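These values consider heavy atoms only, across backbone and side chains, with no hydrogens, waters or symmetry-generated copies. This one's a predicted model, so the numbers in the text were calculated from it and none came from an experiment. Each chain gets a letter, A, B and so on, in the order the sequences are listed, and its residues count up from 1.
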Number of protein chains: 2
Amino acid sequence: MNEINQQTYSISELSKEFEITPRSIRHYEQEQLISPKRAGSQRIYTKGDRVRLQLILRGKRIGFSLAEIREIITMYDSPSGEQKQTELLLDKIEQRRKALNQQQKDIETMLLELNQLENRLIK
Amino acid sequence: MNEINQQTYSISELSKEFEITPRSIRHYEQEQLISPKRAGSQRIYTKGDRVRLQLILRGKRIGFSLAEIREIITMYDSPSGEQKQTELLLDKIEQRRKALNQQQKDIETMLLELNQLENRLIK
DNA sequence: AGTTACCTTTACGTTAACGTAAATATGAGA
DNA sequence: TCTCATATTTACGTTAACGTAAAGGTAACT
């Protein structure tokens, strides 16, 4: 039992599921964030591609640029072989983490401010 | 003891403190996010303006557009008088909160993924 | 064979958030 | 008075992230 359960998706299927335009998905491909296979000229997306698309959209919601998301993605795709490269990756991971932690703080303060504002209004 | 401790800032002082260009600050003014007083033609920023600028930058770090930030700011400046308006404001607050909660989730998943990636590299 | 529903590539258009340059004003110090 | 630092307004330029045609290919009904 091999080669079974290889579900794939068309571009319109994914665009409907995630509520984005096909144009956006093609744009992400053009920006090297995703690389679907082809059947002739038609793009075919695997489950892995779908996961990657989810990662892209998650990054966008957090406010990352496509360039930043590409950096993250290429970290995932790194051969994980050479030591020097690994150091660099760990560095970048640490940077990302710091930015994300800062965002967490920012979000929490903003949530607090919203609460205060709400209280002012309700009172 | 009134009218004391009214510290103010010039545009370059604020731009240095927050590591942004004066151009950006003027842009925020043009977009109605801040409204400093003037001494002749020169802009003079009060402590309140400074706080507002911090709010702007915090919003930016979270990934908000200037338009969204302006919405939040105008919520703060609302007269808090009419009931109908108040309802609308509470609605918008709720929307903001939902978006922020989603972002918190997104950030946490991304932090988890970074951890996994790191473990893969260290192992 | 004709229409319909998707798909493709190419390419110009648009918006946000500034960058950058030019020309000008102003107060402080040498 | 001259120069320097800092300020102003005006306006065109730039980049990212798509939007929006336009022109055409392909597989499946009718």
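- Here dT15(D) presents its P atom at 17 Å from CD of E68(A), a figure rounded to the nearest Å.
- A straight line from CD1 of I44(A) to C1' of dC7(C) spans 12 Å, rounded to a whole angstrom.
- Taking side-chain N and O atoms only, K60(B) has no distance below 4.0 Å to OP1 or OP2 of dA17(C).
- The side-chain heavy atoms of N101(B) and L111(A), taken from C-beta on, include a pair separated by under 4.5 Å.
- Atom pair R43(A):CZ and dT26(D):P shows a separation of 15 Å (rounding to whole Å applied).
- The NZ-P distance, from K16(B) to dA7(D), rounds to 7 Å in whole Å.
- For R23(B) and dT20(C), a side-chain-to-base donor-acceptor distance below 3.5 Å is present, hydrogens and geometry of angles not being considered.
- In this structure, R26(A) atom CZ and dG19(D) atom P are separated by 11 Å, rounded to whole Å.
- Contact annotation: T21(A) side-chain N/O to dG19(D) OP1/OP2 distance is under 4.0 Å.
- Residue Y28(B) places none of its side-chain N or O atoms closer than 4.0 Å to OP1 or OP2 of dA17(C).
- Taking atom CD1 on I34(A) and atom C1' on dC18(D), their separation rounds to 16 Å, with Å as the unit.
- A cation-pi contact, defined as under 6.0 Å to the ring centre and within 45° of the axis, links R96(B) to F64(B).
- Whole-Å rounding puts the Q30(B) CD to dA16(C) P distance at 12 Å.
- Taking side-chain N and O atoms only, S10(B) has no distance below 4.0 Å to OP1 or OP2 of dT6(D).
- Side-chain contact of S12(B) with S15(B): a donor-acceptor pair under 3.5 Å is absent, judged by distance alone.
- Contact annotation: S24(A) does not reach the phosphate of dA17(D) (side-chain N/O to OP1 or OP2, under 4.0 Å).
- Counting non-hydrogen atoms of neighbouring residues, nucleotides and ligands closer than 6.0 angstrom, the CD atom of E17(A) exceeds 12 such neighbours.
- Here CD1 of I73(A) is found 5.0 Å from CZ of R52(A). Values are rounded to the nearest 0.5 Å.
- Between the P atom of dT9(D) and the CD atom of Q42(B) lies a distance of 10 Å, rounded to the nearest Å.
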